[in-house]
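What follows is a short report on a single structure.
Owing to the predicted nature of the structure, the values given are computational and were not obtained by experimental measurement. One is the number of the first residue; the rest follow in order along the sequence.
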Amino acid sequence: MLKHAKKQIDSARRSGHRPDVGSFSVGRCQVDDLTYGGCARWVAVNKRSVSRHWSVNTVKRFAYSQAPIWVALFLISWAHAPSSALADQPLDRYDAERDIDWPMYRDPLLKDGGRESVFDPRLKEIWLAALDRPDAETRRRAALAIARANGMGMKELTSTASTLLRELDKEGQPAALRLAAAHALIALDHRAAADRLLAWSTKVASQEWTLADRRDVTLLVDPALAAWEHDAALPVWRQRLAGEDVERAVRRSAIASLAARRDAAAGDALVTLAADKSVDVGTRLAASRAVGLSVDSGLTAKAQALAGGGLIDRLVAVNVLKRHTDAAAIELLKSFAQDAAPTVAAGALARLLAIDPVHVAPMAVSLTKNADAKVRRLAAEALIAQRTADAVNTLGVLLNDASTDVRRYVRDQFIELAKDPSLDDAVRSAAGGALGRDGWRGQITAAVVLGRLDHEPAAPRMVELMQTTTRNDVRQGMIIGLRRLAVEGTLPAVLEQAQRLSRLWLAEVAKVKSDPDYKVPKGQAKAYDHQLAHIHQMFALMKYAPAEAHLRKFIPKDSGYNPEARGAAVFALGYLYEGRPNDQLVELCRQRLADTNPLNPETNQVRRFSAVLVGRMKSDKATSSLRHYLQQEPYSADVGGACRWALMQVTGEDLPPLPKLTTSRRGLFLQTLDAR
């Protein structure tokens, strides 16, 4: 949510929002004043909700502090969020990461028909009429509504551009109205307005507008002109770099725009700005990044002069060398790569790797022990580029790295390197070593690698860890690894583990029933549920018939088990009975599919795989139920999609795709009451 809040705040600022313009929402918050005071006033109104987690005075003091406004809004939105918003989000079952996949959700792969927004066709004419009204506030809100609706997907709004240009050009109008018109033109991507937007923003700088208004105009127009590659704006941006009374945000906007255009002509001015120690840190770094993108030679001496300075000086030096490839620049970057400051070292290493990984090779091994994760990741890239058995052996230690990013990078690269016959043995040996050692992170990562490589000699160790580990994440990693290896000899041990997990979970359920005050340890329910689900998927893919009695225990709703494990059990039964109709199972599936009791409905996972099970058996005993729930829930991929798939398997029909879910967009400015 933090990233979401910051993104929306930045978007609001770029769009020309001011304290009295429009409103802003994060989660279920609605803040009508994008200032610290507005935040505090919102808190005062919503103090009951905020008090669940924060004292009102605490958040108000924070809102009035010097903290960035997006942080204030994030804290307020977090405090106001319902408890469910703070819970762990479910796994993305369809586009899972390489270490956790869910075959049952891909066989069959069921997708809904998509979603489509529908707008009242009269809205455009209503907004055009509103733009002809005499009062400025109505015109302002109509312009913002056009921008908002365009962002929501409303079509055919480009014809409003001429009217919006009229509002932009009209002198003597309130600043907020002209900002709203400019925002709408930019949202419509009306590039024909570029010259007029540039002329307006330049003229505003010399008018009697408030400092905030002039800044808002600049921050709104500059990114659009840069994106539109409007060359006429380049001299204006260059001039701002050396201006004496240029506001910080306005100068940074010019720097960002020049960087986006890779403007080499501004190189000297940018270098001067980056090297000036009297300039604020943010502007110096922005200028150095901009010049680094546009100038590819001639700055090595200036970077060398900064090398002995403080952290910011060294960062500036690394940034300006971003495109340099001369020998002196490379030597300077090598010295920066050994810098004690991780940000400096990482920047230099990234540049050296881009030039040629051979420049990093001599220092790569030592850098794998660096305290900074980004530096270790770059060291791993250098070692991967060597493509030698020694480099692979060194990288094996990073399979147990504390950084998730480093582990996943090395893991994925190992899987790719193993495709090279000369490195395959080295990869398997390094991964096997990590699996055999005690580091739990390395055990999980190695299980992924060895499972992907179908390295069957790893199966005994995976079984051992599955049976003995006290960590749920390690146990799940071993289960998934064993599923991928698909070694027949491991199935009895895996079934025994499934039965053990079942007993442990039912014991937890019994404790809850006997003692209302007992709470299941945090994360335990999800851990048992997912571990059993992955085991059941293994039984499915290997068609392990001895597991049938165990799997059938998961079908009843009152079995005590959780949704993923139950759904996976039904999924597995589908493989065991593929092409073999069983009347008892068909009836159980029909009952589960039909259980829509509003007070205690069956889970979507079980209903989905009940329909799929009928389809796999190719039984025509539940055809009427399948047709009924396809009609009743046509927008649900879980139920409607599963019923559609099952019917096609049973009857051989070619049924049309699920329909799109049509949503009527409401709540827009001047929305008609009878809109549908």
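Within the 4.5 Å cutoff, no side-chain heavy atoms of L613 are placed close to those of L588. Inter-residue side-chain proximity for E416 and D412 is flagged as unmet; no heavy-atom pair is nearer than 4.5 Å. In this structure, the side chains of L626 and L593 come closer than 4.5 Å at one or more pairs of heavy atoms. R552 is listed as a side-chain neighbour of L585, based on a closest heavy-atom distance under 4.5 Å. Residues R566 and T603 meet the side-chain proximity criterion, which asks for heavy atoms closer than 4.5 Å. A 4.5 Å side-chain heavy-atom check between L482 and V487 finds every atom pair outside the cut-off. Annotation: side chain of I444 is not in contact with side chain of R407 (no heavy-atom distance under 4.5 Å). In this structure the side chain of L658 reaches within 4.5 angstrom of the side chain of L630, judged on heavy atoms.
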**Message:** side chain to side chain donor-acceptor pair (under 3.5 Å), that's the test. Do D420 and S422 meet it? Break it down for me.
**Reply:** CA-CA 5 Å; D420 182 343; S422 66; 2.8 Å; yes
**Prompt:** Going through the distances and angles, do E578 and K543 end up as a side-chain contact (heavy atoms from CB on, under 4.5 Å)?
**Reply:** CA-CA 10 Å; E578 192 165 17; K543 297 186 177 181; 3.3 Å; yes
**Item:** side-chain contact (heavy atoms from CB on, under 4.5 Å) between N400 and T445, worked out
**Value:** CA-CA 7 Å; N400 191 46; T445 313; over 6 Å; no
**Asked** Going through the checks in order, is the side-chain contact (heavy atoms from CB on, under 4.5 Å) test met by L450 and M462?
**Response** CA-CA 10 Å; L450 297 170; M462 290 186 189; 4.1 Å; yes
**Item:** From CA spacing to verdict: side-chain contact (heavy atoms from CB on, under 4.5 Å), V612, W645
**Value:** CA-CA 7 Å; V612 169; W645 181 87; 3.8 Å; yes
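Residues meeting the ring-ring contact (aromatic ring centres under 6.0 Å, His included) test with F539, sequence neighbours left out: Y544. A search for side chain to side chain donor-acceptor pair (under 3.5 Å) contacts involving D473 returns R471, not counting sequence neighbours. A search for ring-ring contact (aromatic ring centres under 6.0 Å, His included) contacts involving Y629 returns nothing, not counting sequence neighbours. Partners of F571 under the ring-ring contact (aromatic ring centres under 6.0 Å, His included) rule, at least two apart in sequence or in another chain, are Y575, F609.
By the neighbour-count criterion of 12 heavy atoms within 6.0 Å, atom CG of D438 is sparsely surrounded, having that number or fewer from other residues, nucleotides or ligands.
Between the N472 side chain and the A527 main chain, no donor and acceptor come within less than 3.5 Å of each other. At distances below 3.5 Å, at least one donor-acceptor pair connects side-chain atoms of S514 with backbone N or O atoms of A510. Side chain of Q605 to main chain of P563: no donor-acceptor pair is present (N/O by atom type, distance under 3.5 Å, no hydrogens or angles). Proximity of a side-chain donor or acceptor of R376 to a complementary backbone N or O of K369 within less than 3.5 Å is not detected. Checked by atom type and distance alone, the side chain of E548 never pairs as donor or acceptor with a backbone atom of L573 at under 3.5 Å. Although no hydrogens or angles enter the test, the distance criterion places no donor-acceptor pair under 3.5 Å between the side chain of T469 and the main chain of M466. Under a 3.5 Å cut-off, the side chain of R665 and the backbone N or O of V118 do not form any donor-acceptor pair. No donor-acceptor pair closer than 3.5 Å links the side chain of R115 to the backbone N or O of L661.
Here side chain to side chain donor-acceptor pair (under 3.5 Å) pairs that include residues 453-463, with residues two or more places apart or in two chains, are R428-H455, R461-E464. Sorted by first then second residue, the side chain to side chain donor-acceptor pair (under 3.5 Å) pairs that include residues 488-510, not counting sequence neighbours, are E508-Y518.
Between D583 and K621 there is a salt bridge, since at least one side-chain N of the basic residue sits less than 4.0 Å from a carboxylate O of the acidic one. Salt bridge annotation for R377-D401: absent, with no cationic side-chain nitrogen under 4.0 angstrom from a carboxylate oxygen. K557 has no carboxylate O lying under 4.0 Å from a charged side-chain N of E602, or vice versa, which leaves the two without a salt bridge.
Smallest separation of non-hydrogen atoms from A431 and A446: O-CB, 3.2 Å. Between V614 and C589, the closest heavy-atom pair is CG2-CB, 3.7 Å. Between A565 and L532, the shortest heavy-atom contact is CB-CB, 3.8 Å. Minimum heavy-atom separation, R616 to P108: NH2-CD, 3.7 Å. Closest approach of R644 and P657 over heavy atoms only: NE-CA, 3.8 Å. Looking at every heavy atom in both residues, A611 comes nearest to C643 through CB-N, 4.0 Å.
One distance of note links CE of M154 with CZ of R148; it measures 12.5 Å at 0.5 Å rounding. Rounded to the nearest 0.5 Å, atoms NZ (K618) and CD (Q649) are 4.5 Å apart. T468 contributes atom OG1, which lies 9.0 Å from atom CZ of R475 (distance to the nearest 0.5 angstrom). Atom CD of E381 is separated from atom CG of L367 by 12.0 Å, given to the nearest 0.5 angstrom. Atoms CG and CE, on N582 and M617 in that order, are 6.5 Å from each other to the nearest 0.5 Å. Taking CD1 of I480 as the reference point, atom CD1 of I100 lies at 5.0 Å (rounded to 0.5 Å).
Relative to the ring axis of Y577, R580 places its NZ or CZ within 45° and under 6.0 Å from the centre.
Ring geometry, W102 versus H534: the interplanar angle falls from 30° to 60°, so the pair is classed tilted.
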